[in-house]
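A quick write-up on the structure given underneath.
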Amino acid sequence: MISSIPMKKKYRQLKQDTYFDRYLKQQLKSLAVKKTYEEEGLRLEIAYEINKLRRKHRFTQEILAHKLNTTQSVIARMEQGQQNFTLNTLQKLGAVFSKKLRVEFA
C-alpha cells in the first residue's frame, strides 16, 4: 500500500515525534512529574473504560447518570478523565454494568 502522506510531511512528523519523545523522557526524570504523568494516565484509562462500557450497553450519559444517581455533567467529566474516582463510585459503575471491580498491582 502506498502512503498518501508526502515524504517531507512524514519526515517532519517523525522529527516532531522524536523531539517530543526526548522532551518527555527528560521531564519524566523528575519524580513529581513522573507521578503526575502516571496518575493522569490511570485516570484516562478508567475514563476510556467507562466510556467503552457505556457505549457497549447503549446508555446515554443521562441514562448512566440516572442509574448512578448523579448528573450527566458528572458522567461527562468521568469520561473526559476530569473526575477523581472514589472506590464507591467505581463499585457502583461495576454494579450498573454487571462487572466486578478488580484492582491489580503490577
Side-chain angles (χ1 to χ4, degrees):
M1 182 175 180
I2 298 174
S3 175
S4 62
I5 301 173
M7 185 60 89
K8 283 184 180 181
K9 193 171 186 177
K10 270 186 174 181
Y11 177 74
R12 212 174 16 246
Q13 182 64 41
L14 179 63
K15 197 173 178 182
Q16 288 172 348
D17 291 345
T18 304
Y19 289 146
F20 178 76
D21 291 341
R22 281 188 283 190
Y23 173 77
L24 181 59
K25 186 176 179 180
Q26 182 66 34
Q27 293 300 309
L28 291 176
K29 289 179 182 178
S30 161
L31 294 179
V33 171
K34 185 175 181 178
K35 180 182 177 203
T36 301
Y37 181 81
E38 289 172 353
E39 287 173 358
E40 286 302 312
L42 182 57
R43 192 179 347 268
L44 289 173
E45 283 182 52
I46 294 169
Y48 176 72
E49 289 300 319
I50 292 168
N51 182 274
K52 198 164 69 171
L53 281 168
R54 180 180 63 78
R55 290 175 183 274
K56 180 180 178 183
H57 285 80
R58 298 176 189 251
F59 291 168
T60 63
Q61 288 182 344
E62 293 84 3
I63 290 170
L64 181 55
H66 179 74
K67 290 180 178 290
L68 293 174
N69 196 28
T70 190
T71 63
Q72 177 273 328
S73 61
V74 169
I75 303 302
R77 283 195 306 273
M78 283 182 185
E79 291 185 355
Q80 293 168 3
Q82 297 174 351
Q83 183 80 18
N84 286 323
F85 300 99
T86 65
L87 186 55
N88 187 43
T89 300
L90 293 173
Q91 288 175 321
K92 285 180 184 178
L93 282 161
V96 166
F97 296 120
S98 301
K99 298 283 185 182
K100 272 186 171 179
L101 176 62
R102 185 178 73 205
V103 177
E104 185 176 304
F105 295 98

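At most 12 non-hydrogen atoms from other residues, nucleotides or ligands lie less than 6.0 angstrom from CG of N69. When the shell of 6.0 Å around NE2 of H57 is examined, it contains more than 12 heavy atoms from other residues, nucleotides or ligands.
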Is there a side chain to side chain contact (heavy atoms under 4.5 Å, CB included) between R55 and N51 once you walk through the steps?
CA-CA 6 Å; R55 290 175 183 274; N51 182 274; 2.9 Å; yes

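For the atom pair T71 OG1 and H66 NE2, the distance stands at 13.5 Å (nearest 0.5 Å). A distance of 9.5 Å separates CD in Q82 from CZ in R43, rounded to the nearest 0.5 Å. Atoms CG and CD1, from L42 and I46 in turn, are 4.5 Å apart once rounded to the nearest 0.5 Å. R77 CZ to T70 OG1: the interatomic distance, rounded to the nearest 0.5 Å, is 7.5 Å. Distance CG/L24 to CD/Q26: 10.5 Å, rounded to 0.5 Å.
Residues L44 and G81 share a closest heavy-atom pair of CD2-CA, 4.1 Å. Contact detail for E79 and A47: the closest heavy-atom pair is O-CB, 3.6 Å.
The backbone N or O of F59 sits less than 3.5 Å from a side-chain atom of R54, completing a donor-acceptor pair.
Two different hydrophobic clusters hold V33 and L31 under the rule that ILVMFWY side chains link at heavy-atom gaps under 4.5 Å. Hydrophobic clustering keeps Y48 apart from L53 (ILVMFWY residues linked when any side-chain heavy atoms are closer than 4.5 Å, directly or through intermediates).
Taking 4.5 Å as the limit, some side-chain heavy atom of I75 sits within range of a side-chain heavy atom of L68.
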For residues 89-106, which side-chain N or O atoms pair as donor and acceptor with protein atoms under 3.5 Å away, sequence neighbours left out?
residue: T89; atom: OG1; partner: T86; partner atom: OG1; Å: 2.9

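Between the side chains of Q72 and E62, no donor-acceptor pair is found at a separation under 3.5 Å.
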